[in-house]
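Source: prediction; values computed, not measured.
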Amino acid sequence: MIVQRLDRPPEELERRTGWEVEPEGACRGDVCVPLGSPFDLRDLAGRLGMELVHDERHGLWALGPESGGRALHSAQLPEILLPDRNGEDFALRSSRGTKVFMIAWASW
């Protein structure tokens with residue numbers, strides 16, 4: 001979301017992220033993350049794992065979505081165990097050293 005000020009919560013924060021700034025801090029459901037006082041969007045972004053990028057030329061800031069700590073730390077494929085067409089477990093690592101073409105599909 002695009003914001004112009006860092007000293008107050010963005011008006012769209014709750015609608016866009018589910019997080020609401022309350023006296024206890026940033027809250028979503030039963031989870032609250034304490035924030036410093038006075039409010040600073042940089043603090044909120046850091047505590048919630050959101051990227052905050054500044055466009056000096058236009059005086060704007062862009063607050064990105066939560067990363068949740070799920071960013072890749074390496075190019076190593078995690079252990080993947082999938083059922084084959086016969087319902088037997090197949091470890092993807094058993095194909096190490098060969099090219100693998102994988103198709104994923106979801107009904108939703």
Side-chain angles (χ1 to χ4, degrees):
M1 90 186 68
I2 305 297
V3 296
Q4 294 179 331
R5 299 182 60 162
L6 298 177
D7 61 344
R8 62 180 174 197
E11 293 177 17
E12 299 180 325
L13 183 67
E14 184 176 11
R15 183 177 67 80
R16 302 280 299 270
T17 68
W19 290 98
E20 181 177 14
V21 176
E22 299 180 0
E24 303 83 45
C27 300
R28 182 166 59 187
D30 294 338
V31 176
C32 287
V33 176
L35 298 174
S37 182
F39 179 84
D40 187 330
L41 191 59
R42 290 171 288 220
D43 182 38
L44 174 87
R47 291 176 187 255
L48 298 181
M50 299 173 161
E51 286 295 323
L52 185 63
V53 181
H54 186 215
D55 178 350
E56 286 187 50
R57 182 173 167 216
H58 295 100
L60 299 173
W61 293 82
L63 181 65
E66 294 172 72
S67 68
R70 296 187 178 102
L72 292 176
H73 296 289
S74 75
Q76 295 292 321
L77 183 67
E79 180 66 30
I80 296 178
L81 191 64
L82 301 167
D84 66 13
R85 63 180 174 207
N86 299 317
E88 301 294 322
D89 285 341
F90 172 76
L92 197 57
R93 75 169 181 262
S94 67
S95 298
R96 188 179 187 113
T98 63
K99 292 182 180 180
V100 175
F101 180 71
M102 201 162 144
I103 299 175
W105 177 81
S107 61
W108 65 87

Exercise. So which heavy atom on E66 is nearest to which on L48, and how close?
Worked result: CG-O, 3.5 Å
Problem set entry | I2 and D55: CA distance, side-chain angles, deciding distance, side-chain contact (heavy atoms from CB on, under 4.5 Å) verdict | CA-CA 10 Å; I2 305 297; D55 178 350; over 6 Å; no
For this session: To the nearest 0.5 angstrom, please state how far the CG atom of L35 sits from the CZ atom of R47.
Result: 6.0 Å
Exercise. Any donor and acceptor pair, going by atom type alone, linking the side chain of N86 with main-chain N or O of E88 inside 3.5 Å?
Worked result: no
Exercise. Are V21 and V33 grouped together when hydrophobic residues (ILVMFWY) are joined by side-chain heavy atoms under 4.5 angstrom apart?
Worked result: yes
Exercise. Side-chain heavy atoms under 4.5 angstrom apart, residues restricted to Ile, Leu, Val, Met, Phe, Trp, Tyr: same cluster for M1 and V53?
Worked result: no
Problem set entry | side-chain hydrogen bond (donor to acceptor under 3.5 Å, both in side chains) partners of R15, counting only residues at least two apart | E12
For this session: Begin with the C-alpha distance, continue with both residues' side-chain angles, and end with the deciding distance and a verdict on side-chain contact (heavy atoms from CB on, under 4.5 Å) for M50 and T17.
Result: CA-CA 10 Å; M50 299 173 161; T17 68; 3.7 Å; yes
Seminar exercise, completed: residues 8-56 vs ring-ring contact (aromatic ring centres under 6.0 Å, His included), sequence neighbours excluded, gives H54-W61
For this session: Check side-chain hydrogen bond (donor to acceptor under 3.5 Å, both in side chains) between D30 and all other residues, then give those that pass, not counting sequence neighbours.
Result: none
Exercise. Distance from D7 atom CG to R42 atom CZ, nearest 0.5 Å?
Worked result: 9.5 Å
Exercise. Got a second to check how far R93's CZ is from L81's CG, nearest 0.5 Å?
Worked result: 8.0 Å
For this session: Please report the shortest heavy-atom distance between E79 and A91, naming the atom on each side.
Result: OE2-CB, 4.1 Å
Exercise. So which heavy atom on V100 is nearest to which on S95, and how close?
Worked result: CG2-CB, 3.7 Å
Problem set entry | Minimum heavy-atom distance between A45 and L52, given as atom pair plus value | CB-CB, 4.0 Å
Exercise. Do you know the tightest heavy-atom contact between C27 and E22?
Worked result: SG-OE1, 3.8 Å
Seminar exercise, completed: Tightest non-hydrogen contact, residues L44 and A26, listed as CD1-CB, 3.6 Å
Problem set entry | E51 atom CD, over 12 foreign heavy atoms within 6.0 Å | no
Exercise. If we only count heavy atoms from C-beta on, is the L41 to P10 side-chain gap below 4.5 Å?
Worked result: yes
Problem set entry | Enclosure of E11 CD (heavy-atom neighbours >12, cutoff 6.0 Å) | no
